[in-house]
Amino acid sequence: VQLQASGGGLVQAGGSLRLSCAASGRTLSVYGIGWFRQAPGKERKFVGCISRTGVEHYLADSVKGRFTSSRDTTKNTVYLQMNSLKPEDSAIYYCAATRQVCGKSADEYDYWGQGTKVTVSS
């Protein structure tokens, strides 16, 4: 499956963005989808994930209460809604697919999108 992340951009602190992870080649409904981010000079970190059915959600503590993930099976797309953005949220955001339910480790994911850049100004 090929993944395409989009929706990044420049936003002021307190603003919102919605990232999309679209798939081609296979339906996303058979995969758990995770979101990771990587700031310059730092390691890639888990942000959140959503299970194949959309029933199970996990979010990193740093984004709980601000970010949510959802999926639209009709559009074969998973979304990451990001509200109350902070400068420390600035990073390249990646979506990834796993055959497992949901995973917090990058090693659990089989397919990765190319990333979309989010910049939050103070």
Q | side-chain contact (heavy atoms from CB on, under 4.5 Å) assessment of Y79 paired with L19 | A | CA-CA 6 Å; Y79 302 101; L19 304 185; over 6 Å; no
Q: Take V1 and L3 through the side-chain contact (heavy atoms from CB on, under 4.5 Å) test and state the conclusion after the steps.
A: CA-CA 6 Å; V1 62; L3 303 177; 4.2 Å; yes
Q: Just do the side-chain contact (heavy atoms from CB on, under 4.5 Å) check on M82 and S16 with the steps written out, would you?
A: CA-CA 5 Å; M82 306 188 298; S16 299; over 6 Å; no
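At distances below 3.5 Å, not a single donor-acceptor pair connects side-chain atoms of H57 with backbone N or O atoms of S51. Between the side chain of R52 and the backbone N or O of G32, no donor-acceptor pair lies under 3.5 Å. Here the side chain of D89 pairs a donor or acceptor atom with the backbone of K86 at under 3.5 angstrom.
Between Y31 and R26 the shortest side-chain heavy-atom distance falls below 4.5 Å. Side-chain atoms of T116 and R37, non-hydrogen and from C-beta on, never get closer than 4.5 Å to each other.
A distance of 7.0 Å separates CD of Q81 from CZ of R18, quoted to the nearest 0.5 Å. In this structure, CD on Q114 lies 12.0 Å from CD on Q2, to the nearest 0.5 angstrom. We find the CD-OG1 distance between Q12 and T119 to be 13.0 Å, quoted to the nearest 0.5 Å. The distance from the CZ atom of R44 to the OG atom of S105 is 11.5 Å, given to the nearest 0.5 Å. In this structure, the separation between CG on L80 and OG on S20 is 9.5 Å, given to the nearest 0.5 Å. Separation of atoms OG1 (T68) and CG (L59) is listed at 7.5 Å; rounding is to 0.5 Å.
Judged as a disulfide (SG to SG under 2.5 Å), the pairs with a partner in residues 44-84 (not counting sequence neighbours) are, in order, C49-C102.
With salt bridges taken as basic N to acidic carboxylate O contacts below 4.0 Å, one links D61 and K64.
Under 3.5 Å, the side chains of Y111 and R99 contain a donor-acceptor pair of N or O atoms. Counted by atom type alone, D72 and T77 present zero donor-acceptor pairs between their side chains at under 3.5 Å.
For D110 against T98, the heavy-atom pair with the smallest separation is OD2-CA, 3.8 Å. Closest approach of C21 and I33 over heavy atoms only: SG-CG2, 4.5 Å. The shortest non-hydrogen separation linking A23 to L28 is CB-CG, 3.2 Å. Here the closest non-hydrogen pair linking S122 and A13 is CA-CB, 4.4 Å. Closest heavy-atom contact between A39 and S90: CB-O, 3.9 Å.
Note on V78: it does not cluster hydrophobically with V101, by side-chain heavy-atom contacts below 4.5 Å among ILVMFWY residues.
Applying the under-4.5 Å side-chain rule to Ile, Leu, Val, Met, Phe, Trp and Tyr, the cluster around W112 extends to F36, F46, Y58, I92, Y94, Y109.
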